[in-house]
Amino acid sequence: MQRENLHLQIDRQIIGDIFTSRAPMDNLEVLCDDLGARFAGTPQERQAAEFIAATCKKYGLENIRLEAYPYAGWSRGEARLEILEPSGRVLPCISLPYCPAADISAELLFAGYGSPDEYAALAGKMQGRLVLAGSASPPDLGRWVHRKEKYERAVLGGAAGFVFVSEHPGVGPETGSLQNDRPGPIPGISISKEDGEFLQRLSRRKGPLKLRLHTSDINEKRESWNVVAELPGSSAAAEMVILGCHYDGHDISQGAVDPASGMVLVMEAARVLALYAAAHLECTVRFVAFGTEEIGLVGAHRYVEAHADELDRVRFMYNLDSAGGPSRKGVVLHCWPELESFFTQAAREMVAEVPVGQKVHPHSDHFPFFLKGVPSGHMSDPEAGPKGRGFGHTAYDTLDKVELENLRRGSATAARLVLRLANAPDFPARRRSCEAVRAILDTDPDMEAYRVAQALAQQGARSDR
């Protein structure tokens with residue numbers, strides 16, 4: 001009861017401060033309006049890392065550092081998509097990150113949503129062709145089919161190139177990487193919903209289409225940084241809670257919702273915990289701004305590699321990627337049923353709407369921790385079904401889409417949950433074994449994209465022999 005009363009007292013200070021502060025919006029304006037896309041390999045990426053580190057120092061955090069790591073860099077070149085037959089029209093397009101330089105002419109093959117069943121129906125037909133798939137997921141499949149999965153199924157089918165079509169009108173092409181930390185084996189580009197529908201109409205009216213795809217992108221090694229800062233705990237056990245989000249965006253957008261809205265939640269939680277809870281934390285709270293997430297979760301993978309000897313001590317990794325958007329501020333656990341009662345009780349004590357559920361996906365910075373068995377979750381609405389990105393990953397993911405009240409709600413939820421995570425006397429989860437992780441990877445329906453990526457990696461390994 002004494003601990004619960006302390007938490008409630010700190011809660012009131014946290015909530016009162018956050019809901020009368022503009023700090024997260026001020027930080028978001030710097031990240032988005034001053035530093036733009038913060039894409040991997042740009043000067044703005046480094047400036048964003050330095051800004052986050054300087055802000056952490058201003059807030060009173062300790063052990064602040066930029067942890068450098070190498071990665072496979074990529075720079076955008078000119079992309080051109082031309083209809084050779086039956087007409088000579090050029091369609092606007094953009095290369096997708098990790099697209100190689102290429103110049104190919106091939107017949108276009110339509111793969112619909114790019115679902116597993118639709119690709120299975122095209123078996124034996126993709127060889128040497130351009131495969132076009134939409135960004136939407138089949139409404140009856142029950143899961144989101146990620147861009148990478150669609151691209152990798154095309155590669156496995158022998159396609160010469162990949163065309164990705166946005167499902168949303170009026171936002172232009174949707175970007176996103178083709179591979180994780182390596183060049184793609186075939187070129188991949190993106191076009192708008194409107195141009196995708198034009199190609200389908202043209203095919204229905206005129207028959208098979210032959211297209212020429214030219215890309216001139218550059219793949220070369222570079223360096224990036226994770227930003228790490230801490231509030232040390234008082235416990236001799238030296239356990240820790242990790243609160244994190246990536247700070248890099250895509251080069252065509254400010255990346256205001258994805259990811260910067262989540263990054264400023266991490267910073268705001270750090271600010272108020274440093275002010276009101278630093279003397280009352282039993283476990284260390286580590287705040288991590290991950291680099292190069294948008295091109296394959298590279299910063300999170302490098303962090304896990306560099307801190308392998310600490311992973312047994314991590315109670316929980318809470319990922320706030322894009323969490324400052326309009327969705328409910330809940331906890332989506334990554335197959336940790338033993339933690340549901342902990343978070344449900346925390347929400348009850350907080351007298352707050354914090355929905356709790358179970359679902360895991362391999363497309364954000366929690367996943368490298370999941371692969372190593374670390375208890376993890378991300379902030380989102382666990383009851384939300386599969387849906388598209390909307391303006392996400394397009395030129396229209398801009399700061400005007402973000403509301404201060406959503407930043408406040410997310411920051412308050414994150415800070416109050418971290419307070420309870422750090423001070424729980426008997427935390428009910430421990431690191432999983434490799435065998436337990438493998439069982440989830442092999443059977444969970446939402447791990448299908450991971451299994452496809454592994455199949456492609458194995459194919460590549462065989463071809464290299």
Side-chain angles (χ1 to χ4, degrees), residues 94-99 111-120 131-157 159 162-168 171 173-182 184-186 188-191 193 196 246 248-250 253 255 257-259 292-298 300-301 319 321-322 327 332 334-335 359-368 370-371 378 380 384-394 397 440-457:
I94 59 171
S95 299
L96 295 173
Y98 285 135
C99 179
Y113 291 108
S115 68
D117 287 346
E118 287 168 312
Y119 270 108
V131 173
L132 181 149
S135 67
S137 297
D140 57 346
L141 187 62
R143 70 175 179 90
W144 185 35
V145 184
H146 193 272
R147 171 193 63 259
K148 283 193 182 80
E149 179 181 344
K150 300 177 185 190
Y151 170 80
E152 288 167 340
R153 288 189 188 276
V155 176
L156 288 167
F162 177 73
V163 180
F164 189 55
V165 183
S166 174
E167 67 189 281
H168 301 288
V171 297
E174 179 181 318
T175 192
S177 66
L178 298 171
Q179 291 287 268
N180 290 354
D181 198 24
R182 64 178 183 180
I186 64 173
I189 62 161
S190 177
I191 62 175
K193 174 183 175 66
H246 69 102
D248 64 304
H250 276 292
S253 169
V257 174
D258 179 11
T292 52
E293 188 268 1
E294 293 291 9
I295 54 174
L297 321 183
V298 185
H301 278 293
N319 180 15
D321 188 358
S322 311
S327 67
V332 182
H334 303 146
C335 304
K359 193 178 184 67
V360 65
H361 69 79
H363 305 303
S364 190
D365 290 314
H366 57 262
F367 192 61
F370 171 87
L371 289 175
H378 64 277
S380 189
K387 60 182 180 180
R389 294 183 184 274
F391 51 74
H393 281 206
T394 78
D397 184 3
I440 298 171
L441 294 173
D442 289 345
T443 60
D444 192 294
D446 290 303
M447 287 296 102
E448 179 65 14
Y450 176 80
R451 294 190 285 270
V452 172
Q454 294 301 105
L456 180 59

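Just so you know, residue 1 is the first one in the sequence shown, and it goes up from there. Note: hydrogens, waters and symmetry copies are ignored here, and every other heavy atom, side chains too, is used. Fair warning: this is a prediction, and the values are worked out from it, not measured in the lab.
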Less than 4.5 Å apart, side chain to side chain, heavy atoms only: is that true for [X] and [Y]?
{"X": "His361", "Y": "Asp444", "result": "no"}
{"X": "His393", "Y": "Ser166", "result": "no"}
{"X": "Pro116", "Y": "Leu141", "result": "yes"}
{"X": "Thr175", "Y": "Thr394", "result": "no"}

Donor-acceptor under 3.5 Å ([X] side chain, [Y] main chain):
{"X": "Asp321", "Y": "Pro259", "answer": "no"}
{"X": "Arg451", "Y": "Leu441", "answer": "yes"}
{"X": "His378", "Y": "His334", "answer": "no"}
{"X": "Arg147", "Y": "Phe164", "answer": "no"}
{"X": "Ser364", "Y": "His366", "answer": "no"}
{"X": "Ser177", "Y": "Glu294", "answer": "yes"}
{"X": "Tyr151", "Y": "Gln179", "answer": "no"}

Pairwise distance [atom1]([X]) to [atom2]([Y]) - rounded to 0.5 angstrom:
{"X": "His250", "Y": "Glu293", "atom1": "NE2", "atom2": "CD", "result": "7.5 Å"}
{"X": "Ile189", "Y": "Leu178", "atom1": "CD1", "atom2": "CG", "result": "10.5 Å"}
{"X": "Asn319", "Y": "Phe370", "atom1": "CG", "atom2": "CZ", "result": "13.5 Å"}
{"X": "Glu167", "Y": "Ser137", "atom1": "CD", "atom2": "OG", "result": "7.0 Å"}
{"X": "Ser190", "Y": "Ile94", "atom1": "OG", "atom2": "CD1", "result": "5.0 Å"}
{"X": "Leu156", "Y": "Leu456", "atom1": "CG", "atom2": "CG", "result": "5.0 Å"}

| field | Parallel, tilted or perpendicular: rings of Trp144 and His363 (30°, 60°) | value |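 Because their plane-to-plane angle is over 60°, the rings of His363 and Trp144 count as perpendicular.
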
| field | With Ala154 via side chain to side chain contact (heavy atoms under 4.5 Å, CB included) - residues at least two apart | value |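 For Ala154 the side chain to side chain contact (heavy atoms under 4.5 Å, CB included) partners, ignoring immediate neighbours, are Tyr119, Val131, Ala159, Phe162.
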
| query | Partners of Ala300 by side chain to side chain contact (heavy atoms under 4.5 Å, CB included), sequence neighbours excluded? | reply |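 By the side chain to side chain contact (heavy atoms under 4.5 Å, CB included) rule, Ala300 matches Phe290, Asp365, Pro368.
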
| query | In this structure, which one of Lys148, Arg153, Met447, His146 forms a side-chain contact (heavy atoms from CB on, under 4.5 Å) with Val452? | reply |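 Single side-chain contact (heavy atoms from CB on, under 4.5 Å) partner of Val452 among Lys148, Arg153, Met447, His146: Arg153.
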
| said: Could you tell me if Asp397 and Ser253 have a donor-acceptor pair between their side chains, going purely by distance under 3.5 Å? | reply: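 Per modelled atom types, Ser253 and Asp397 side chains form no pair under 3.5 Å.
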
| message | I'd like to know whether Asn180 forms a side-chain contact (heavy atoms from CB on, under 4.5 Å) with Val298, so could you lay out the CA-CA distance, the side-chain angles of the two residues, the decisive distance to 0.1 Å, and finally the verdict. | response | CA-CA 7 Å; Asn180 290 354; Val298 185; over 6 Å; no

Between [X] and [Y], which heavy-atom pair has the shortest distance, and what is it?
{"X": "His301", "Y": "Gly296", "answer": "CD2-O, 3.7 Å"}
{"X": "Ala449", "Y": "Pro362", "answer": "CB-CG, 4.5 Å"}
{"X": "Gly176", "Y": "Pro97", "answer": "O-CD, 3.3 Å"}

| field | Derivation and outcome, side-chain contact (heavy atoms from CB on, under 4.5 Å), residues Tyr98 and Asp181 | value | CA-CA 8 Å; Tyr98 285 135; Asp181 198 24; 3.9 Å; yes

| query | Are any of the side-chain nitrogens in Glu118 or Lys150 under 4.0 Å away from the carboxylate oxygens of its partner? | reply |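 The answer is no: the pair does not qualify as a salt bridge.
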
| field | Salt bridge flag under 4.0 Å for residues Glu174 and Arg389 | value |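 Salt bridge: yes.
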
